[in-house]
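Side chains included, hydrogens not; waters and symmetry mates left out as well; all remaining heavy atoms used. Below, read A as the first sequence line, B as the second, and so on, with proteins coming before strands; counting in each chain starts at 1.
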Amino acid sequence: MKPSIPKGTRDFLPSQVAKRNYIFDCIRSVFETYGYVPIETPVMENLATLTGKYGDEGDKLLFKILNNGDYLAKADSEALSEKNSAKLTKSIAKKGLRYDLTVPFARFVTMHQNDLSFPFKRYQIQQVWRGDRPQKGRYQEFYQCDVDVVGSDSLMYEAELVKIYDDVFTALRIPATIKVNNRKVLYGIAEAAGVEEKFMSMTMAIDKLDKIGQDGVTEELMQRGITTEQADFIMSTLKIDNLNDLFEAFSASPTGQHGIQELREFHNYLDRTETNNNIQFDISLARGLTYYTGCIFEVITDKVNIGSIGGGGRYADLTSSFGLKGVSGVGVSFGAARIYDVMEELDLFPSDISQTISVLLIAFDEMTHGHAFSVLSELRANGIKSDLYPSPAKMKKQMKYANDISVPYVLLVGSEEMETGQYSLKDMNTGEQKKYSIEDIKTVLA
RNA sequence: GUGGUUGUAGCUCAGUUGGUUAGAGCGCCGGAUUGUGGUUCCGGAGGUCGUCGGUUCGAGACCGAUCUUCCACCCCA
C-alpha cells in the first residue's frame, strides 16, 4: 500500500524538530523565569470533560474515540435507526482527544486541588487536536504552549502574562502586536445597548470588525436580531478609543465600568515594566471560547497573514463545572506551529540549530577504523558530541557525508596518525587542517 | 461542516484540439580524483501521471467518485 498520514497532520524531519525545539526552549525558559512549573495531562480525556466547553462549533470539532470492544452492542439503537450521529456519539464514544490545554487543566486543578498550593502557576507544552478543515497555519494536530495561573484574581497576572508574550516574541525576534480587551467591556456594550441576552451573538459579530468593516458588522448585528438603533449605538460605542470616555458611556452598565476598572489596573501594573512590542487596546477583540470572563488577549504579527499566533484571557469560573467554585484563573497560549511558520517565512531561525555533532571521525582501512572507534569512545567520554563513519569507505564518500550533515570538524584517522598520535583535524568551514594530539583535540572541541 | 482549488521523478515545474517510448532544472548515484567535502566536467538510475471507476480504437489530458493540498466561509493557534 501507499503510505500516507491523516489530513492536517505532519511528519517532522530532524531539522524541523530542531527548529521546533528552539521555539520550545525559548518559551520554556521564559516561563520558568516567571516561576511557572510544567505539568502534563493525557492526550485523551473523558468526552464529558470536553463537551460543552467550547460552544456548539467546538463540539463538532472534537475528535471522539470509538469505544473498544463490541461497541455496537451497547449503542443507542434508537439513535442508530434514526441515523442521528450526534445522539449516537454518547453511546459509542466515551473518550475524546483534547481540544486545548485549558479545559484539561481546569479538570486537573479540580482533581488535585489538595496537592496544589495557590496561586498555582503551571505551564504545559503538548499537542491538541481539532477536526477543522486544514489550511496554511491550520492543522488538525498542533502544539500549544500554555501558561496559566489559578487561585488569584490579581490583575498583576494579566500584566505578567502580557510581559511573557513580550519577552518570548522579543527573544524569537517576531514583531508582534498584543491586543487586549475585556469581556466585561463587551458585556457593558450589550448592557448599555439593551441586548444583554444577545451578548454572545453580538461579540461574534463585533469580532469581525477587522475583516468585514463597520457596515459589515452593522449588517451582521441586524441579522442576529438586533435593531437598527441598537446596532448604531453599538457601532458608535466601538469608536470610543479611550478608557475614560468609555467609562462615561457605561454610566448605565456597572459591568462595563468594572471592565474599564480592570483594564486600568492592568495598565498600572504593565506601565511599571518595559515592553518591546506593540500593546494595543482593541475594543473589537472578542475571542470565541465561551469561558473567558475578564481580560482577553490575542497576538498577531502583521508581517505574515496567518491569523493569531497566541491568545488567552481570564476565566473566573472554569473549574466550577467540575465542582470547584471560586477559583479564578488567567492564562495565555502560544501557537507553536504558527510561530514556526512565521519564523520560517521571515527567516528568523539561527543557522546553527540543527547541528548534532561537533566532529566526525573518518578512517581509511579496517585497522584504523578499529583504532578510530577507541578514539571516538574517548571523545565521547569527555562529553564531546561525536561520531565515526561506520565503514572505512572512500574518502570522498565520507567527506561528502560530513558535508551533508554540516558537521563543523572532521578528524582523519589514518595509519600515519595512528603511529604518531597526531590526528588531522579539518575545519569544514575554512577547509584548514592541522595536527593535534587527542588531549589538544579535547580542548579545541570542548 | 459549506463552496471552490490542487495533485506528473526525491524537489520545483513543462507536457499542444485526446494520438508512438511522458520531459527539463535542481537533487541523487557512479566516474574524472586509491588520503580530502562544498566548485567544474562526463556518465547513469529514477515515473502505476494521487487512487478507483467510466467515455473512447486510443486518456497524463475528458467525465464521475474518493483521498490530499491550498483558498474563502465557519471557527480558531
Side-chain angles (χ1 to χ4, degrees), chain A residues 1-10 13 23 27 54-62 85-86 99-102 125-146 165 200 203-205 207-208 211-212 216 220 285-290 292 296-301 304-312 332-342 360 362-365 368 389 392-418 423-433 435:
Chain A
M1 66 169 271
K2 194 170 184 173
S4 64
I5 55 173
K7 73 172 163 198
T9 67
R10 298 171 298 165
L13 294 168
I23 295 172
I27 288 174
Y54 311 105
D56 292 343
E57 285 301 319
D59 284 355
K60 285 181 200 155
L61 301 180
L62 279 174
S85 305
Y99 179 90
D100 71 357
L101 300 177
T102 306
I125 299 177
Q126 290 190 282
Q127 284 121 310
V128 302
W129 292 266
R130 296 182 187 176
D132 221 346
R133 187 168 288 200
Q135 274 181 44
K136 183 175 169 196
R138 167 179 296 204
Y139 307 98
Q140 294 205 342
E141 174 184 67
F142 58 98
Y143 274 92
Q144 282 195 325
C145 312
D146 272 32
Y165 268 144
M200 281 305 299
T203 56
M204 283 165 76
D207 198 32
K208 294 181 190 169
K211 199 179 268 181
I212 61 179
E220 180 137 350
L285 175 64
R287 298 194 53 77
L289 292 174
T290 52
Y292 293 123
I296 46 181
F297 313 104
E298 190 162 287
V299 186
I300 54 161
T301 176
V304 183
N305 181 26
I306 200 168
S308 62
I309 53 176
V332 297
S333 179
F334 291 77
R338 287 190 180 174
I339 291 170
Y340 182 105
D341 290 348
V342 167
L360 179 75
I362 286 180
F364 299 106
D365 51 41
T368 51
Y389 196 86
K394 280 184 191 165
M395 246 200 121
K396 184 184 167 85
K397 194 174 171 70
Q398 299 197 63
M399 289 299 291
K400 182 167 160 39
Y401 177 74
N403 200 55
D404 289 347
I405 63 172
S406 38
V407 63
Y409 290 97
V410 161
L411 189 69
L412 300 169
V413 183
S415 52
E416 188 187 318
E417 283 82 354
M418 203 174 107
Y423 299 89
S424 305
L425 186 70
K426 176 161 180 158
D427 182 324
M428 292 296 281
N429 291 317
T430 62
E432 280 173 32
Q433 190 168 319
K435 293 208 170 184

Sugar-phosphate only, base, or nothing, as touched by A/Lys394 at under 4.0 Å among non-hydrogen atoms: sugar-phosphate

N/O donor-acceptor pair, side chain A/Arg130 with base B/rC75, under 3.5 angstrom: no

Partner set under salt bridge (Lys or Arg N to Asp or Glu O under 4.0 Å) for A/Asp56, not counting sequence neighbours: none

C1' spacing across the pair B/rC62 / B/rU56, given as an integer number of angstrom: 10 Å

Heavy-atom donor-acceptor pair, A/Glu432 side chain to A/Asp427 backbone, under 3.5 Å: no

Dot-bracket notation for RNA chain B, counting Watson-Crick and G-U pairs under 3.5 Å, with | for partners on another strand: ((((..(..((((.....[...)))).(((((.......))))).....(((((..]....))))))..))))....

Touch class at under 4.0 angstrom, heavy-atom based, for A/Asp341 against every strand present: nothing

Are there any protein N/O atoms within less than 3.5 Å of an N/O atom in nucleotides 42-52 of chain B, and if so, which ones and at what distance?
{"residue": "B/rG50", "atom": "O2'", "partner": "A/Lys2", "partner atom": "NZ", "Å": "3.1"}

Sugar-phosphate only, base, or nothing, as touched by A/Gly431 at under 4.0 Å among non-hydrogen atoms: base

Sugar-phosphate, base or nothing in reach of A/Lys136, heavy atoms under 4.0 Å: sugar-phosphate

Sugar-phosphate, base or nothing in reach of A/Gly310, heavy atoms under 4.0 Å: sugar-phosphate

Sugar-phosphate only, base, or nothing, as touched by A/Gly137 at under 4.0 Å among non-hydrogen atoms: base

Sugar-phosphate, base or nothing in reach of A/Glu417, heavy atoms under 4.0 Å: base

A/Lys394: partners by salt bridge (Lys or Arg N to Asp or Glu O under 4.0 Å), with sequence neighbours left out: none

Of residues 402-412 of chain A, the positions that come close to RNA chain B - non-hydrogen atoms, cut-off under 4.0 Å: A/Asn403, A/Leu412

Ring centroid separation A/Tyr165 to A/Phe334 under 6.0 Å: yes

Touch class at under 4.0 angstrom, heavy-atom based, for A/Ser333 against every strand present: nothing

Contact nearer the 5' end of RNA chain B, comparing A/Phe334 with A/Glu220: A/Glu220

Side-chain donor/acceptor of A/Gln433 to base of B/rG35, under 3.5 Å: no

Protein-nucleotide distance (A/Ile125, atom CD1; B/rA77, atom P), rounded to Å: 17 Å

Sugar-phosphate only, base, or nothing, as touched by A/Tyr139 at under 4.0 Å among non-hydrogen atoms: base

Distance, C1' atom - from B/rC28 to B/rG46, rounded to whole angstrom: 9 Å

Which nucleotide in B/rG37, B/rC76, B/rG3 has an atom nearest any side-chain atom of A/Arg133: B/rG3

P atoms of B/rC41 and B/rG60, separation to the nearest Å: 36 Å

Qualifying residues under side-chain hydrogen bond (donor to acceptor under 3.5 Å, both in side chains), relative to A/Tyr423, sequence neighbours excluded: A/His371

B/rA65 versus B/rU6 - spacing of their P atoms, nearest Å: 15 Å

Sugar-phosphate only, base, or nothing, as touched by A/Gly312 at under 4.0 Å among non-hydrogen atoms: nothing

Rounded distance in Å between the P positions of B/rA45 and B/rA24: 12 Å

From CG (A/Leu412) to CE (A/Met399), nearest 0.5 Å: 6.5 Å

Nucleotide nearest A/Gln135 (side chain, heavy atoms from C-beta), chosen from B/rU36, B/rC74, B/rU69: B/rC74

Spacing between A/Met399 atom CE and B/rG38 atom P, to the nearest angstrom: 9 Å

Gap in Å between the two C1' atoms, one belonging to B/rC11 and one to B/rA72, rounded: 29 Å

Integer angstrom distance from the P of B/rU8 to that of B/rC52: 16 Å

A/Lys7 (side chain) and B/rU68 (base): donor-acceptor pair under 3.5 Å: no

Proximity to the side chain of A/Pro134 - top-ranked nucleotide from B/rC75, B/rA77, B/rC70: B/rC70

Minimum-distance nucleotide (side-chain atoms of A/Arg338 versus B/rG35, B/rC76, B/rA32): B/rC76

Residue-phosphate contact under 4.0 Å: A/Lys208 side-chain N/O, B/rC73 OP1/OP2: no

Euclidean distance for P, B/rG7 against B/rC74 (whole angstrom): 28 Å

Listed nucleotide nearest any side-chain atom of A/Gln144, set B/rG37, B/rA77, B/rC75: B/rA77

Ring-on-base stacking B/rA77 with A/Phe142 (under 5.5 Å, under 30°): yes

Phosphate OP1/OP2 of B/rG37 contacted by A/Lys397 side-chain N/O (<4.0 Å): no

